[in-house]
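Here's the structure, in structure tokens; my notes come after.
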Amino acid sequence: MAYATPDVRDRSRPMTREEKKVILASSAGTIFEWYDFYLYGSLAAIIGAQFFTPFPEATRNVFALLAFAAGFIVRPFGALVFGSLGDLIGRKYTFLMTIVIMGVSTFIVGLLPNYYSWGIAAPIILIALRMLQGLALGGEYGGAAVYVAEHAPQNQRGYFTAFIQTTATLGLLLSLVVILMVQGYVNGNYPDQPVLDAAGVAVVGADGSPVMQKAFNAWGWRIPFLGSIILLIVSLYIRMQMNESPAFKKMKEEGNASKAPMREAFGNWTNGKIALIALLGLTAGQAVVWYSGQFYALFFVQNVIKVDSFSANVFVAWSLILGTYGFIFFGKLSDRIGRKPIILGGCLLAAITYFPVFGFLTKTANPMLYHAHQTEIVVTADPADCSFQFNPVGTAKFTNSCDIAKAALTARSANSETDAAPAGTLASVKVGETVIAGYSGAAADAADQKARFDKELNDALTAAGYPINAADNTTVAKAQHFFDIFSGQKITIVLILTYLIILVTMVYGPIAAMLVELYPTRIRYSGLSLPYHIGNGWFGGLLPATAFAISAQSGDIYAGLWYAIVIALMTVVIGALFVPGGTHKKDIFADSK
């Protein structure tokens, strides 16, 4: 049969200049879309303070993380909608829809009034905008992966789709760089602003003076969101220049297009089984390694080992710069040895090394905190008094004495163990040889008891070497500017984080080509999008909040890593048994029916 275009007839030839331009344009547009999506993740703590003002800090952190995760939760639904459109009307026009939804939603976040201005409507609208972003991203990735793979030579699919894989990391890097630049300018040129409560009234400290915050935290955080409108215009221009995929055009010319791609992709066991294997044997493990190495690592450095946000962003940004080429390296390597061994190897390495690596990160970035962890801390409490403090809607009140004690220790990044006490016993905390009596939040004098408990706990932890007063901690890593990384401590931190990024590149670099090769052209967009976005949207997107809650419950700042480790090991086992090998040799143009 004579195909409509020469590029479809011979996919082993080198790519033409026009095809390379198309792939570059697709990748550039996807970077901008990831930038929009990850601005929120990079600014989650600041945004949480603006939109979840009424809640306690610990609840606010979980709520902010879950608002971030909301965008991931809806991604599979975006995959269903836009995946079906991509297989019905084409890759190019679906691309245009997703970029518009993403860009406009991001711009509106920059304009959205905070809690004290609009009350409960503000966080509701924020979460709705996050969900729109997630829907758009649910259609974006599958389209980008399919679009590039269907333009690439058969023996270089891993290499060329790896450029799409870099876009998520480059989008994160771009968001961090923009944030650092805006943060430095705003804080350097504008005065601090008072912290406001839910009613818009300035919060007053114990000495009667207003509590202050940096100008960037008060209003400067909006600038990166508002500036995204420029990226939207550029992205739209780039997308308009692209041509339709040659595989899609060939399929339409031959009359082989699916009339119901979703039903065909998931409505029978033959294709449904592929989606299930792809999810549990590939994308679930890939997702938890991806989010552990990038977002949870950033959250851990900032919120658990107490490195200031500017320095944490600098260290993570440098690790992204150093590690990003790994996507291209492993994508190209997968063209030679296959996708499966690289992806599963990355999952296995992550599962084996996460505990020692994150422990070494604590020891390096905050030696004072690490050495304080050597002091034994024991919470003695009635087991029935200890709850699992995962509060996704922010409405639960944890007033039991055990819950209060564990929450207080978690907020101070203290490791502890729990000993069972007889029923009805009020919880106590033993730091070294010092015992601090707990209290019930339901007690009539709870406010006075809290003040007493906090003071005694802070004094005991300080005596044990904990850096309760951040200003007294001279050991914690701190970067004065973007290039302030050239000391033994800071370089080591960057290298540790770079190792985590390399694991990310192993599992993520070859995954796009692998998923494309599992499906025929007629249902490719729909088929690969759903398992990818369930894996990354649910398994990966919920990782930060889940890991945080596990650590709080167990009393161990590293316990949350078990979530990623267990899922990564599950993927290794299922992938080894059921995921087909040798897909890198497949001709994806031969199987279009």
Side-chain angles (χ1 to χ4, degrees), residues 34 37-38 41 44 62 65-80 83 130-131 133-135 137-138 140-142 145 165 168-169 172 266 272 274-300 340 343-351 354 390 392 500 503-512 514-515 518 527-551 559-579:
W34 280 110
F37 191 76
Y38 284 130
V62 173
L65 286 171
L66 285 167
F68 176 62
F72 291 95
I73 294 171
V74 301
R75 278 169 58 177
F77 302 102
L80 291 173
R130 288 289 303 156
M131 294 176 76
Q133 288 181 321
L135 286 172
L137 195 59
E140 167 65 23
Y141 176 83
Q165 303 307 88
T169 297
L172 172 59
F266 308 111
I274 297 174
L276 187 63
I277 292 172
L279 171 63
L280 300 179
L282 290 171
T283 63
Q286 166 262 305
V288 295
V289 174
W290 200 99
Y291 289 103
S292 295
Q294 295 194 156
F295 275 100
Y296 188 68
L298 178 60
F299 175 82
F300 186 86
K340 176 177 171 178
I343 296 170
L344 300 187
C347 289
L348 183 60
L349 271 177
Y354 270 172
F390 185 62
L500 296 175
L503 294 180
V504 169
T505 65
M506 287 185 69
V507 300
Y508 200 59
I511 197 78
M514 183 80 187
L515 292 173
L518 293 178
L528 75 86
S529 293
L530 188 62
Y532 174 82
H533 286 294
I534 291 178
N536 285 270
W538 293 357
F539 285 91
L542 291 175
L543 184 147
T546 306
F548 178 82
I550 292 172
S551 292
L561 296 171
W562 277 115
Y563 175 83
I565 290 170
V566 169
I567 292 175
L569 288 175
M570 173 199 74
T571 295
V572 170
V573 173
I574 294 176
L577 292 176
F578 299 107
V579 171

Please report the shortest heavy-atom distance between [X] and [Y], naming the atom on each side.
X	Y	value
Y291	G540	CD1-CA, 3.3 Å
L515	A278	CD2-CB, 4.0 Å
M514	K340	SD-N, 4.3 Å
P76	H533	CG-O, 3.5 Å
C347	V289	CA-CG2, 4.2 Å
T283	P531	OG1-O, 2.9 Å

Taking only residues two or more places apart in sequence, or in another chain, which ones meet W562 in a ring-ring contact (aromatic ring centres under 6.0 Å, His included)?
->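 Residues passing ring-ring contact (aromatic ring centres under 6.0 Å, His included) with W562: F355.
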Looking at residues at least two apart in the chain, or sitting in another chain, which of them share a side chain to side chain donor-acceptor pair (under 3.5 Å) with Y354?
-> none
Check whether any side-chain heavy atom of [X] sits under 4.5 Å from a side-chain heavy atom of [Y], and report yes or no.
X	Y	value
L561	Y296	yes
L348	L569	yes
V504	L500	no
F295	L172	yes

Output for pair (L503 CG, Y508 OH), nearest 0.5 Å, gives 16.0 Å
Could you state the interatomic distance from CE (M131) to CZ (F77), rounded to the nearest 0.5 Å?
->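 Result: 8.0 Å between the selected atoms.
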Would you check, one step at a time, whether the test side-chain contact (heavy atoms from CB on, under 4.5 Å) holds for Q286 with F539?
-> CA-CA 9 Å; Q286 166 262 305; F539 285 91; over 6 Å; no
L577, V579, I574 screened by side chain to side chain contact (heavy atoms under 4.5 Å, CB included) with I277, the one that passes = V579
Between I343 and T571, does a side-chain contact (heavy atoms from CB on, under 4.5 Å) hold up when you go through it step by step?
-> CA-CA 10 Å; I343 296 170; T571 295; 5.7 Å; no
Tell me, with the steps shown, if I511 and L282 meet side-chain contact (heavy atoms from CB on, under 4.5 Å).
-> CA-CA 8 Å; I511 197 78; L282 290 171; 3.9 Å; yes
side-chain contact (heavy atoms from CB on, under 4.5 Å) assessment of L543 paired with S292 | CA-CA 8 Å; L543 184 147; S292 295; 3.3 Å; yes
